[in-house]
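Here is the structure we will look at.
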There are 2 protein chains.
Amino acid sequence: MPQQKQPLTAMDATDAMDTTDQADAMDTADRANGTDAPADAVDAITGQWNRERPDLDTLPMAVFGRIYRLSRIMGDRMEKEYQRYGIGRGEFDVLATLRRSGAPYTLSPRQLSATLMLTTGGMTGRLDKLEKAGLLERTPDPGDRRGLRVTLTDKGLGVIDQAVGSGLALQREPVDGLGPQDAEQLAVLLRRLMAATDASGRGA
Amino acid sequence: MPQQKQPLTAMDATDAMDTTDQADAMDTADRANGTDAPADAVDAITGQWNRERPDLDTLPMAVFGRIYRLSRIMGDRMEKEYQRYGIGRGEFDVLATLRRSGAPYTLSPRQLSATLMLTTGGMTGRLDKLEKAGLLERTPDPGDRRGLRVTLTDKGLGVIDQAVGSGLALQREPVDGLGPQDAEQLAVLLRRLMAATDASGRGA
DNA sequence: GGTAAGTAGCTTAGCGCTAAGCTACTTACC
DNA sequence: GGTAAGTAGCTTAGCGCTAAGCTACTTACC
């Protein structure tokens, strides 16, 4: 059982409070967050930056810092959940991609590696593991002698149908905490942020 | 120059559209997202799940799927930016933690590894690299003969002060695309989601 | 039909991380 | 002062990934 998880990514760090006057930093953070909500770990970080570099606008950090952090925390939690089914996050993604493609739950390794943005080397490893566990089968492609087809077994179908439900239940808890209206509103704002992120990426 | 990046995490996959009728899937997605906004990659995935497993509520996926995706996309972009300064994301985090702790920019390896949620082994590697690059120094702790202190060099201070500005500029582009009010609203909703996530994690 | 270019999947080397275990201390307790 | 427990930082083995290069084809073109 791991005691440490993935590394935090840029601006995702917390608890550097050890090194400063906690109360003072929290005051700075509360001023920075500009709401009645209690300051969180990201407010603490933006507060430190505001003190050290008052020339910087830290709003982007307040948004993306929380996105990095939520991604890591929830990702770790999902990973732990999938272990109940004997699979990791990477294996889950392969099974899920096959499952939601619909019957007969068959794709080529190339389609899978393109979808999951994985190199063929990485894909080979995941398929080896899943085939050994009896969750999928590799068969020759009848129409292309170079090609393979990867198909979910009955066992694999059963595992993914259970696992996707468990994973959704885990994510539903905090989302329901927002209430249905705010959860929808958050999804809408995130969709717009994704579109804006894609747009700014193309420019660069 | 890598052509493939980090693996996508659960429900973060896109482009499995290869395997289905694109127009049909998009219709499903548009119905699912419930707004006038054009369907995006995550709408396509929730649309596939709605078709295959109509019993599932996919709203949590619509929220966390975008969080995973944004984290990966922006994280990769930041990584590429930091390479201009000769450092990776991990090294950036170490320098940033020292920088925002304030003068004299000194912490122990233990404080750093706790803050960055890294094992001591991982920390040793990052410190080795940064020390070799002349961006920080390791000196004995005068008060504890077991301990070390890690301090930013002038060169390290210069690098991190530049890099943090570049990174913020990169993140500011999409955030500004939302407009100031919606960007603030997004930060507020994300703070609430983080609090709800922490709360549901404690219960489990 | 022959040749060049493209593609599928696999193998290998290297990288950065975790987990586990090590030494060299310090701290708490008697 | 002596001993037990705790802590700091380092080293090693193992894991999953990427990048690069391989073989075995298929496709396009003459």
Side-chain angles (χ1 to χ4, degrees), chain A residues 1-10 12 18 72 75-76 79-80 82-83 87-94 106-133 136-150, chain B residues 1-10 12 18 72 75-76 79-80 82-83 87-94 106-133 136-150:
Chain A
M1 196 69 69
Q3 291 172 328
Q4 302 275 4
K5 297 302 178 59
Q6 314 289 357
L8 292 168
T9 51
D12 192 27
D18 313 319
R72 196 187 57 79
D76 287 350
E79 174 125 57
K80 210 178 148 194
Y82 297 148
Q83 280 173 5
I87 55 176
R89 229 183 303 181
E91 282 91 56
F92 175 92
D93 288 340
V94 174
T106 299
L107 295 169
S108 68
R110 178 127 292 262
Q111 284 174 310
L112 285 167
S113 60
T115 299
L116 298 170
M117 291 198 215
L118 207 63
T119 59
T120 55
M123 201 66 232
T124 298
R126 287 194 191 176
L127 293 179
D128 285 350
K129 192 170 290 184
L130 287 165
E131 191 173 33
K132 195 174 290 180
L136 55 77
E137 283 179 333
R138 279 191 265 212
T139 52
D141 184 333
D144 184 341
R145 277 214 268 175
R146 299 165 311 171
L148 274 186
R149 311 174 100 210
V150 174
Chain B
M1 196 72 69
Q3 290 170 327
Q4 302 276 5
K5 296 304 180 53
Q6 314 289 358
L8 291 169
T9 52
D12 191 26
D18 312 319
R72 197 188 55 79
D76 287 350
E79 174 125 57
K80 210 177 149 196
Y82 297 149
Q83 279 173 4
I87 55 176
R89 229 184 302 180
E91 282 91 56
F92 175 92
D93 288 340
V94 174
T106 298
L107 295 168
S108 68
R110 180 126 291 262
Q111 285 174 310
L112 285 167
S113 59
T115 299
L116 299 170
M117 290 196 215
L118 206 65
T119 59
T120 55
M123 200 67 233
T124 299
R126 288 194 190 176
L127 294 179
D128 284 350
K129 193 171 290 185
L130 286 165
E131 190 172 35
K132 196 175 288 181
L136 55 76
E137 283 179 333
R138 280 191 262 214
T139 52
D141 184 332
D144 184 342
R145 277 214 266 177
R146 300 165 310 171
L148 275 186
R149 312 174 101 210
V150 173

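All figures in this text were calculated on a predicted structure; none of them were measured in a lab. A note on names: the letters A, B, ... follow the listed sequences, proteins ahead of strands, and every chain is numbered from 1.
- In the set C:dT18, C:dA8, D:dC25, C:dT18 carries the atom at the smallest distance from any side-chain atom of B:Thr119.
- When all heavy atoms of B:Pro142 and B:Arg149 are compared, the pair lying nearest together is CD-CD, 3.6 Å.
- Partner assigned to D:dA20 is C:dT11, using Watson-Crick or G-U wobble distances below 3.5 angstrom.
- Distance A:Leu107 CG to C:dG9 P: 11 Å, rounded to the nearest Å.
- Within the nucleic acid shown, B:Gly121 comes within 4.0 Å of at least one base atom, counting heavy atoms only.
- Under the Watson-Crick or G-U wobble criterion, with both distances below 3.5 Å, C:dT26 is paired with D:dA5.
- A:Arg89 has its CZ atom 14 Å from the C1' atom of C:dT18, to the nearest Å.
- Remark: P of C:dC17 and CD of A:Glu79 are 17 Å apart, rounded to the nearest angstrom.
- If you check every strand for non-hydrogen atoms under 4.0 Å, B:Arg138 touches sugar and phosphate atoms only.
- Taken from CZ in B:Arg89 to CG in B:Asp76, the straight-line distance is 5.5 Å, to the nearest 0.5 Å.
- Nearest nucleotide to the A:Pro109 side chain, out of D:dC10, C:dT18, C:dG9: C:dG9.
- Here A:Asp144 lies in heavy-atom contact (under 4.0 Å) with sugar-phosphate atoms only.
- Interface remark: the A:Arg146 side chain does form a donor-acceptor pair with the C:dT7 base, using a distance-only criterion of under 3.5 Å.
- Atom pair B:Gln83:CD and D:dT18:P shows a separation of 15 Å (rounding to whole Å applied).
- Listed candidates were C:dG9, D:dT18, D:dG9. Nearest to the side chain of A:Ser108 is C:dG9.
- Rounded to a whole Å, the CG atom of A:Leu116 is 15 Å from the C1' atom of D:dT18.
- As rounded to whole Å, 9 Å separates atom P of C:dC10 from atom CD of A:Glu131.
- Nearest-nucleotide mapping onto DNA chain C: of B:Lys129 and A:Leu148, the residue sitting toward the 5' end is A:Leu148.
- Distance, B:Met123 CE to D:dT11 P: 15 Å, rounded to whole Å.
- For the atom pair B:Arg110 CZ and B:Thr120 OG1, the distance stands at 6.0 Å (nearest 0.5 Å).
- Between the CG atom of B:Asp93 and the P atom of C:dG16 there is a distance of 15 Å, given to the nearest Å.
- Remark: B:Met123 CE to B:Leu112 CG distance equals 4.5 Å, nearest 0.5 Å.
- Each of B:Gly147 and A:Gly143 was matched to the nucleotide of DNA chain D holding its nearest heavy atom; the match closer to the 5' end belongs to B:Gly147.
- Along DNA chain D, the nucleotide nearest B:Asp128 and the nucleotide nearest A:Gly122 are compared for position; the residue whose nucleotide lies closer to the 5' end is B:Asp128.
- Not a single donor-acceptor pair, N or O on each side, falls under 3.5 Å between the base of D:dC10 and the side chain of B:Thr124.
- The side chain to side chain donor-acceptor pair (under 3.5 Å) test applied to B:Arg138 returns B:Asp128, B:Glu131, not counting sequence neighbours.
- Taken from CD in B:Glu91 to CD1 in B:Ile87, the straight-line distance is 7.0 Å, to the nearest 0.5 Å.
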